[in-house]
Amino acid sequence: MHNLTENRELADLLFPDVSKTPEYYELLYPKRKLPEGAKVTRFAPSPTGYVHMGSLYASLVSERLAHQSNGLFFLRVEDTDRRREVEGGVTNIVRSLFRFGINFDEGVTDVGSEKGSYGPYKQSERTEIYKVFAKHLVEKGFAYPCFCSEEDLNKIRALQEERKLNIGYYGEYAVHRNFTIEQVKEELSRRKPFVLRVKAPQNPDRRFILKDLIKGDVEMPENDQDMVLLKSDGLPTYHFAHVVDDHLMRTTHVTRGDEWLPSAPLHVQLFEMFEWEKPYFAHISPVMKLEGNSKRKLSKRKDPEADVSFYHEQGFPGISVIEYLVNLINSNFEEWRRDNPKEPNTNFKIELGKMSVSGAMFDIVKLTDISRDIIALMSEEEVYNMSLKWAEEYDPELWALLLRDEKYARSIFRIDRGGEKPRKDISKWLDVKPYVFYFFDELFDKDVKKGYNFQETICREEVRRVLAEYARVYNHNDDKDMWFNRVKEFCEAIGYSKNIKDFKKNPEAYKGHVGDVTGIIRVAMTNRRNTPDLYEIMQVIGERKVIERLHNMI
Ligand code: GLU
């Protein structure tokens, strides 16, 4: 064991250029002035460019915790592992989250830009800070340099395997833990690279309980491994960096994936060594998926819906995804939504204690249904604007059509919208083209070239006859009731029953019923058997086109 003077000497030896002190940073980043109970949370991704659904889920949890408590939410980029960094990764993360309406109060806003006074928020720009605190730990006797090469570590591992012991750098295997100053000096004079390790307490039997806000009390062994704090390139490991950052950025709640749960004892240890107030921890279980009868993690490799850009490409409104995720965070949201159909989902308060411990089950079908409901309640204007924006990026043909005559395009979306029972044909903007195609001759003509979808049981001769007769009686100026009355009269005139009941009573007496006739007209107009209100469609299409389509078929 070194004494205090020796620790100081060692610290100066290892960090000769570090002159700032922890106090300097404590003053620079004072305790935040926030209302009582306000939570400070963060999302801390590595800039790999890919945003997994699980990350969006976790960031939503963090965002809601902060904002529902009048707290603050920030974005920190954890880019100290250069191998994982991807060009454009930061921009992609910020943009992706923004699209879902996740906004940060502080932190990185793009490459080279950030906001907030607790930065820099990019770990690669904080190396000076980490060194100050690393030096401080050495001074306190809680950290030391380790000069082991890769080869040395392999030897230790082999020995431990042979002896059937825990693998790692600890106890008697921590060969540099008790190096004297002289020995350190000698290694340094030989320019040996070193990592900085924590000097963990050696009580392998001592247990540690983490009071996790999601998982409850989790009992684990106390950390006895001398984990690496600074790598040989001087960059910090996640363990060290996040402790320093979360302290200086005054994070109150560390919400993160539960892959970090096993290292929580080390993190808590570090907070204690620094004599810092510990944040609360909430370890979020991964988002799961049902495959056959078994549950597995939603996988980047296997599931396209694991990548949040999938939702953008398919045109799911951000709000649909968020609404679904709130539901996944707390299942009682569903009931709340039923009772409060019009309120923004931000009025629902999430509770960590109600989150799934085993992992929430992600279900794209349910998400799609929620999205259908949400779009069904949107105004015609919203649907027009949002699908136009989507089409601009993903479907230039649709974009041009929607833009050609805005009034016309909007009147399409007005059909069956706004009433008691709005139709739910659209769950994402990708559905818009198949929904609107028959309003545009160029798309409709292409579609009928592949064949008309008339009911097989009615012969083409009859279809032509019905349409030819109908073209003679059709009056574009009819209102809806007049239109339908005329259709019914027309049915009687050509040997069809004007309602289904009569037909069922005496099928022999008729060629078919009114549903068959409107079915024929519907296919002639739209080439689909199931559409929104036929009268409205014909009104929007316009007289010229209605007559044209009837004749084309004839
Ligand atoms: N950078 C870590 C990760 O990618 C962040 C974990 C945390 O939120 O502390 O998982």
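The shown structure was predicted, so the numbers you read here are calculated from the model rather than taken from an experiment. Ligands are counted one by one from 1 in listed order, and the atoms in each one are counted from 1 as well.
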Consider every N or O of [X] and every N or O of ligand 1, then say whether any pair is closer than 3.5 Å.
| X | answer |
| --- | --- |
| P45 | no |
| E78 | yes |
| R76 | no |
| Y238 | yes |

Is there a side-chain contact between E9 and K185, using heavy atoms and a 4.5 Å cut-off?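 Sidechains of K185 and E9: in contact.
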
What I'd like to find out is whether the side chain of F333 reaches to under 4.5 Å of the side chain of L328, using heavy atoms alone.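 F333 does not reach L328 side chain to side chain.
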
Hey, what's the ring geometry for Y121 with F74, parallel, tilted or perpendicular (30° and 60° as the breaks)? tilted

Distance check, rounded to the nearest 0.5 Å: D307 atom CG versus H312 atom NE2?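 The distance works out to 12.0 Å.
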
Out of S46, S55, A58, indicate the one that has the non-hydrogen atom closest to atom 4 (O) of ligand 1. S46

May I ask you to say whether D431 pairs ionically with K428, meaning some side-chain N is under 4.0 Å from a carboxylate O?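 A salt bridge is present here (some side-chain N lies under 4.0 Å from a carboxylate O).
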
In terms of atom number and element, which parts of ligand 1 are under 4.0 angstrom from non-hydrogen atoms of R42?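 This gives 7 (C), 8 (O), 9 (O) as the contact atoms.
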
